[in-house]
S.K.: 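The structure follows.
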Number of protein chains: 2
Amino acid sequence: MSIAVRSVSSAEPIALPPSLQPKLDDGLNALSAIGTVVRFGRNETIFSDGDDASYSYRLISGTVRLCKLMSDGRRQIAEFLGAGNFLGFEWLETHAFTAEALTDVVAVRYVRRHLDRLGDERGDVRRSLMAVLSHDLWAAQNHLVMLGRQSARERVVSFLLALAERSGTKDGGTIEVPMGRQDIADYLGLTIETVCRTISDLKRMRLIGVPNRTQISLTNLEKLREIAEGDL
Amino acid sequence: MSIAVRSVSSAEPIALPPSLQPKLDDGLNALSAIGTVVRFGRNETIFSDGDDASYSYRLISGTVRLCKLMSDGRRQIAEFLGAGNFLGFEWLETHAFTAEALTDVVAVRYVRRHLDRLGDERGDVRRSLMAVLSHDLWAAQNHLVMLGRQSARERVVSFLLALAERSGTKDGGTIEVPMGRQDIADYLGLTIETVCRTISDLKRMRLIGVPNRTQISLTNLEKLREIAEGDL
DNA sequence: CGTTGCTTTGATGCCCGTCAATGATTGTGG
DNA sequence: CCACAATCATTGACGGGCATCAAAGCAACG
């Protein structure tokens with residue numbers, strides 16, 4: 001549990017990088033007009049479980065982890081978010097999890113009250129917000145299957161395949177793994193040792209390569225897919 | 001995997017039981033005007049994973065389970081829904097899970113297109129729909145913690161406490177358990193044997209009583225809460 | 001009253017957690 | 001630039017919690 005709070009959060013006038021805009025054909029671009037750019041340093045907390053949910057965010061760059069903590073310190077990571085993802089769009093009074101910057105993060109911050117108003121005025125915005133929530137729910141339910149019914153090996157492989165999917169990495173390609181092994185373990189409901197051992201196993205089986213801590217190459221995507229489906 | 005499809009779904013003009021209406025001060029009562037009452041028999045499928053999401057439902061009576069199935073038959077139950085709960089309100093083209101009637105079920109069915117229109121017209125309806133989605137997401141994330149980080153005993157106790165919470169059962173009271181042991185196991189990510197053994201353990205510890213299959217009395221709520229939190 | 005489906009209990013083993021030590025990498029100050 | 005510390009990752013030994021396999025108990029129903 002390391003800390004490093006550069007209590008930053010600089011505020012700037014806004015302009016979404018064009019690379020993000022085409023990603024959604026929807027009404028979320030209307031949000032550009034009411035957001036503020038903010039920055040967070042590695043390991044900085046963006047908001048905490050129980051905080052008043054005054055702001056929502058859209059990530060421009062960097063990676064964020066969403067954590068739930070138990071009273072005795074056990075941790076479960078609900079999701080990792082990357083560029084383009086939305087954060088804190090739940091329609092609740094307080095946040096239900098802690099959001100932490102895994103790397104340095106740049107995001108657009110929205111005042112929730114403004115979002116609410118915009119939703120009232122524009123149907124496309126409203127539908128986009130619903131779509132974001134629905135997507136998060138969909139992701140959480142798939143995550144449930146993983147935690148409830150998959151073996152350690154299946155979980156690790158599924159995780160790697162999901163990273164590959166996100167980044168559009170093909171067979172033989174290399175994925176970036178910005179999160180540490182402990183974060184992966186806390187996402188998969190495993191221990192760090194089991195994650196390490198499983199990765200080493202996959203390496204020994206020549207299904208992946210591990211050039212360094214933050215990169216993994218997918219040597220045999222076919223077989224990895226089989227493992228994820230339980231066919232092995 | 002038993003089957004029993006009385007392919008019912010009778011349709012009647014609508015009138016929500018007054019007991020349900022006060023539960024929400026919100027705009028969902030406006031939905032009453034556009035819904036149809038439908039019925040499902042025990043073990044009947046309401047909709048399946050991948051189906052076109054043409055309808056949404058609100059439960060009037062009975063219990064529903066939301067299941068995700070893996071290709072090899074492993075099953076994870078994402079949620080149990082009871083009277084007053086909403087079903088299929090995700091803003092996606094197709095349903096992401098299968099909904100099955102655990103008991104005989106009466107529900108109000110809405111055409112999604114109509115819901116959509118109503119959301120456009122009424123801000124209170126829109127906010128209510130967002131609230132439903134947000135609540136489901138919140139529940140799924142708590143479920144993640146359970147599956148990822150709690151022991152079998154903690155999961156079973158948490159489950160019983162959640163049932164007690166829903167029904168407003170106090171210390172010493174008795175909860176109704178409409179789902180079978182296998183359903184509980186599939187919800188908790190355990191086997192039926194582990195669920196049975198854990199319940200037997202709790203009974204031996206005199207924390208609960210088990211008068212019959214569908215009832216459990218909470219003899220020592222205090223201690224149960226400690227177990228759920230990991231203090232034991 | 002036998003059948004059918006569900007639940008409970010028992011015996012056994014393995015997967016993964018725990019504890020511990022070593023290696024690798026990064027950052028810091030001399 | 002190197003020495004050292006700090007952090008993270010990896011590997012090993014071992015045990016326990018839960019899954020698996022198997023059989024017996026129990027309740028509802030025709």
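To find a chain, count down the sequence lines: A is the first, B the second, and so on, and within it residues start at 1.
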S.K.: Whole angstrom is fine here: how far is it from CE in A:Met179 over to C1' in D:dT7?
M.R.: 19 Å
S.K.: Please report, rounded to the nearest Å, how far the P atom of D:dT11 is from the CZ atom of A:Arg181.
M.R.: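 Rounded to the whole Å, the gap is 10 Å.
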S.K.: Considering all heavy atoms of both residues, which atom of A:Phe97 and which atom of A:Cys67 are nearest to each other, and what is their separation?
M.R.: CB-O, 3.3 Å
S.K.: Atom pairs under 3.5 Å, N or O on each side, protein against nucleotides 21-24 of chain C: can you list them with distances?
M.R.:
from, atom 1, to, atom 2, distance (Å)
C:dA24, N3, A:Arg213, NH2, 3.3

S.K.: With a 3.5 Å distance limit and no angle check, can you tell me whether B:Ser56 reaches the backbone of B:Gly88 through a side-chain donor-acceptor pair?
M.R.: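 Between the backbone of B:Gly88 and the side chain of B:Ser56 there is a qualifying donor-acceptor contact (under 3.5 Å).
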S.K.: Take the protein atom CD1 of A:Ile184 and the nucleotide atom C1' of D:dT10, then report the distance between them rounded to whole Å.
M.R.: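 For the pair A:Ile184 CD1 and D:dT10 C1', the rounded distance is 14 Å.
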S.K.: Looking at B:Lys223 and B:Asp171, is there a salt bridge between them, counting it only when a charged N and a carboxylate O are closer than 4.0 Å?
M.R.: no
S.K.: What are the two closest heavy atoms between B:Leu144 and A:Ala140, and how far apart are they?
M.R.: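 Looking at all heavy atoms of both residues, the closest pair is CD2-O, 4.0 Å.
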S.K.: Please evaluate residues B:Asn220 and B:Arg225 with respect to the criterion side-chain hydrogen bond (donor to acceptor under 3.5 Å, both in side chains), reporting the C-alpha separation (whole Å), side-chain torsions for both, the decisive distance (0.1 Å), and the verdict.
M.R.: CA-CA 9 Å; B:Asn220 191 338; B:Arg225 289 223 176 84; over 6 Å; no
S.K.: Find the distance A:Ile199:CD1 to D:dT11:P and express it as a whole number of Å.
M.R.: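 After rounding, the reported distance stands at 10 Å.
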S.K.: Give me the atom names and distance for the closest heavy-atom approach of A:Arg166 to A:Asn85.
M.R.: NH1-OD1, 4.0 Å
S.K.: Distances under 3.5 Å only, N/O to N/O: pair up the protein atoms with those of nucleotides 13-17 of chain C.
M.R.:
from, atom 1, to, atom 2, distance (Å)
C:dC16, OP1, A:Ala152, N, 2.9
C:dG17, OP2, A:Thr191, N, 3.4
C:dG17, OP2, A:Thr191, OG1, 3.1
C:dG17, OP2, A:Thr194, OG1, 2.4

S.K.: Is the backbone of B:Thr36 close enough, under 3.5 Å, to the side chain of B:Arg109 for a donor and an acceptor to pair up by distance?
M.R.: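 Such a contact is absent between B:Arg109 side chain and B:Thr36 backbone.
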S.K.: What pairs meet the ring pair (Phe, Tyr, Trp, His ring centres under 6.0 Å) rule with one or both residues in residues 157-195 of chain A, with sequence neighbours excluded?
M.R.: A:Phe80-A:Tyr187, A:His143-A:Tyr187, A:Phe159-A:Tyr187
S.K.: Of the residues in residues 200-212 of chain A, which ones touch DNA chain C at a heavy-atom distance under 4.0 Å?
M.R.: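 Of all residues in residues 200-212 of chain A, none places a heavy atom under 4.0 Å from DNA chain C.
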S.K.: Taking CG from A:Asp183 and P from D:dC8, how many angstroms apart are they, rounded to a whole number?
M.R.: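 Rounding to the nearest Å, CG of A:Asp183 and P of D:dC8 are 9 Å apart.
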S.K.: Rounded to whole Å, please give me the gap between CZ in A:Arg42 and C1' in C:dG27.
M.R.: 12 Å
S.K.: Which angle, rounded to 10°, do you find between the first-five-pair axis and the last-five-pair axis of the helix from C:dC1-D:dG30 to C:dG30-D:dC1?
M.R.: 30°
S.K.: Of all the heavy-atom pairs spanning B:Phe40 and B:Val38, show the shortest one and how long it is.
M.R.: CE1-CG2, 3.6 Å
S.K.: I need the minimum non-hydrogen distance between A:Ser217 and A:Pro211, along with the two atoms involved.
M.R.: N-CD, 4.4 Å
S.K.: Once ring pair (Phe, Tyr, Trp, His ring centres under 6.0 Å) is applied, what residue pairs with a partner in residues 190-232 of chain A remain, sequence neighbours excluded?
M.R.: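 Applying ring pair (Phe, Tyr, Trp, His ring centres under 6.0 Å) to every pair that reaches into residues 190-232 of chain A, excluding sequence neighbours, yields nothing.
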S.K.: Name the one of A:Arg75, A:Arg65, A:Lys68, A:Arg74 that satisfies salt bridge (charged side-chain N to carboxylate O under 4.0 Å, His left out) with A:Asp186?
M.R.: A:Arg75
S.K.: Can you give me the closest heavy-atom contact between A:Val105 and A:Ala101, atom names plus distance?
M.R.: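 Scanning both residues, the minimum pair turns out to be CG2-CB, 3.8 Å.
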S.K.: In this structure, how many angstroms lie between the P atom of C:dT8 and the CD1 atom of B:Ile192, rounded?
M.R.: 8 Å
